[in-house]
Amino acid sequence: MRSPSEVHLRLEHVTKRFGETTAVNDVSFEVPRGSFATLLGPSGCGKTTTLRMIAGFYDPDHGDIVLGGKRINELPAHRRGTAMVFQDYALFPHMTVKENVAYGLRVAGVPGADRERRVHDILQFVGLGGLGDRWPNQLSGGQQQRVAVGRALVLEPQILLLDEPLSNLDAKLRVQLRWELRALQQRLGMTFVYVTHDQDEALSLSDWIAVMNAGKVEQAGTPWEIYYHPRTSFLADFVGAVNLVPGTVQKLTGDEAVIAFGSRAIAVRVPSGLALAVGREVRLCVRPEALALRPPSADPDGVRLPGVVARRAFLGDLMRYWVTVDGREWIVDQPDPGAAADFDGPVTVAVKPERIHVIAE
Ligand SMILES: Nc1ncnc2c1ncn2[C@@H]1O[C@H](COP(=O)(O)OP(=O)(O)O)[C@@H](O)[C@H]1O
Ligand SMILES: [Mg+2]
C-alpha cells in the first residue's frame with residue numbers, strides 16, 4: 001500500500017510570464033497521491049496557466065514540475081501521463097461521441113479492436129452508454145461534460161486536470177455533477193487537480209485546496225483549515241461570508257492573547273505559528289454562523305455584544321442579520337428561519353471565544 005501522504009505532484013518555485021504580466025509568480029505546492037486537489041481563486045489569478053504548465057501546454061519561465069518523483073519540465077504533453085478536461089469541453093463538433101472519445105487513442109496508435117473496447121468501457125463508466133453515436137450538439141451540457149471527462153480518462157492518465165469543468169452548467173446540474181466527479185475520483189483512486197473560482201465547489205469537493213491570488217498561492221490546506229483558519233483577510237473573505245473586525249493585541253500569556261476591539265476586549269487562542277506582539281494590529285475573523293442572536297436581556301455563555309439589527313435577509317436555509325455593534329456591522333446567520341425566533345431592534349450577539357480566529361498580516 002502506498003502511504004496516503006505520498007506526494008504525487010510537486011511544483012517548486014514555478015513562475016510564468018506573458019510579456020509584462022506575471023501570470024504565475026513563484027508558486028510551490030505538493031499534491032498527495034490519490035487526492036482531489038483544487039486550485040481556487042478569482043478570475044485572472046493564474047489557475048489555468050498553472051494547470052497548463054502541469055499539462056505541458058506552457059513552459060514555465062522558472063521552477064520545476066515534478067510528477068511521481070520525476071522532473072517533467074522537458075517532457076512533451078502527451079508523454080506526461082496527464083490528461084485535461086477543458087473549461088469549454090473543446091469537443092470536436094464534426095465527430096460523434098465515440099469518435100471524440102477515441103480520438104486520443106487513435107493519435108496514440110492504439111489498434112482498432114482495443115480502441116473500441118476501451119471507448120465502450122469508458123462511455124459506460126461515465127454514464128453515456130448508448131449515446132456513442134450522437135453528435136455533440138445533440139447532447140445536454142452535462143452530457144457534453146461527461147464526454148470531455150471520458151475523452152480524458154480513456155487515455156488512462158496518472159493524473160486528471162480539470163479546468164472549471166462545471167462553470168458552463170446551470171446551478172442545479174452543477175451541484176449534481178459535483179458529486180458525480182467526486183465519486184468518480186474516489187472510484188478511480190486517481191489524483192485530480194481541479195480548478196475553480198467557486199468556493200462552495202472547492203470546499204465540498206476537495207481533500208486539499210490551494211487558494212491563489214494575483215499569481216501566488218496564499219494558503220494551501222484542507223477545506224477545514226482554509227475555512228476556519230485562514231491566514232489572510234483576502235482568503236477569509238474569498239471562501240465565504242465573514243466578519244473581519246480590526247483589533248489590537250493588548251496582552252499575551254502563553255498561547256492566549258487579549259485583543260482589544262471597539263470599546264471591548266476578548267481573550268482568544270493564538271493560532272500556532274502566528275507571532276504576535278503587544279500593540280500589533282490584528283483582525284478577529286468570525287464566521288456569521290458561529291454567532292448567535294439572543295434577546296437584549298439574555299446572558300449567554302461567552303462574550304455578549306449588545307447591538308441593534310440594521311437589516312436582515314431571508315435566504316431560505318438561513319436568516320442573515322446585519323447587527324450594528326459599536327458602530328460596526330456584524331453579519332450573523334441564524335439557521336432554520338422557519339423554526340427560529342425572529343429578531344429586530346436591540347439584540348445581544350453571543351460569541352464563544354473559541355470560535356474567533358486571529359489574523360495578522
Ligand atoms: N496566453 C496568454 N497571453 C497573455 N496573457 C495571458 C495568457 N494567458 C493568461 N494570461 C494572463 O495571465 C493572468 C492569469 O490568467 P489565467 O491563468 O487564465 O487565470 P485564471 O485561470 O485564474 O482566470 C491573467 O492576467 C491573464 O490575462
Ligand atoms: Mg481560467
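Everything numeric here is computed off the predicted structure, so don't read it as measured data. When a ligand or atom number is given, it counts from 1 through the structure's own listing order.
Looking only at atom types and distance, the side chain of Glu361 has no donor-acceptor partner in the side chain of Thr232 under 3.5 Å away. Of the N and O atoms on the side chains of Asn100 and Tyr89, not one donor lies less than 3.5 Å from an acceptor on the other residue. For the residue pair Tyr194 / Glu201, a side-chain donor-acceptor distance below 3.5 Å is found, with atom types taken as modelled.
Looking at atom 12 (O) of ligand 1, its nearest protein heavy atom turns out to be Ala23 CB, 3.2 Å. Counting protein heavy atoms only, atom 19 (O) of ligand 1 is closest to Gly46 N, 3.2 Å. Counting only heavy atoms of the protein, atom 25 (O) of ligand 1 lies nearest to Thr21 CG2, 3.7 Å. In this structure, the protein non-hydrogen atom closest to atom 18 (O) of ligand 1 is Thr48 CB, 3.7 Å.
Distances from atom 7 (C) of ligand 1 to the protein include at least one heavy-atom value under 4.0 Å. Within the 4.0 Å cut-off (strictly below), no protein heavy atom is located near atom 27 (O) of ligand 1.
Ligand 1 has no N or O atom lying under 3.5 Å from any N or O atom of Phe18, backbone or side chain.
Salt-bridge formation is not detected for the pair Asp121/Arg118: no Lys NZ or Arg NE/NH1/NH2 atom is positioned less than 4.0 Å from an Asp or Glu carboxylate oxygen. Using a 4.0 Å cut-off between charged nitrogen and carboxylate oxygen, Glu256 and Lys251 do not count as a salt-bridge pair. A salt bridge links Arg182 with Asp207: the distance from a Lys NZ or Arg NE/NH1/NH2 to an Asp or Glu carboxylate oxygen falls below 4.0 Å.
With atom 13 (C) of ligand 1 as the reference point, the heavy atom nearest to it among Pro42, Gly44, Gly41 is part of Gly44.
The shortest side-chain heavy-atom distance between Thr96 and Arg134 does not fall under the 4.5 Å cut-off.
Taking 2.8 Å as the threshold, Thr48 counts as a candidate ligand of the Mg ion (ligand 2), since one of its N, O or S atoms lies below it.
Interface atoms of ligand 1 facing Thr49, defined by a heavy-atom separation under 4.0 Å, are 9 (C), 15 (O), 16 (P), 17 (O). Against a heavy-atom cut-off of under 4.0 Å, Tyr58 is close to the following atoms of ligand 1: 1 (N).
By the 6.0 Å and 45° rule, Arg283 does not stack over the aromatic ring of Phe261.
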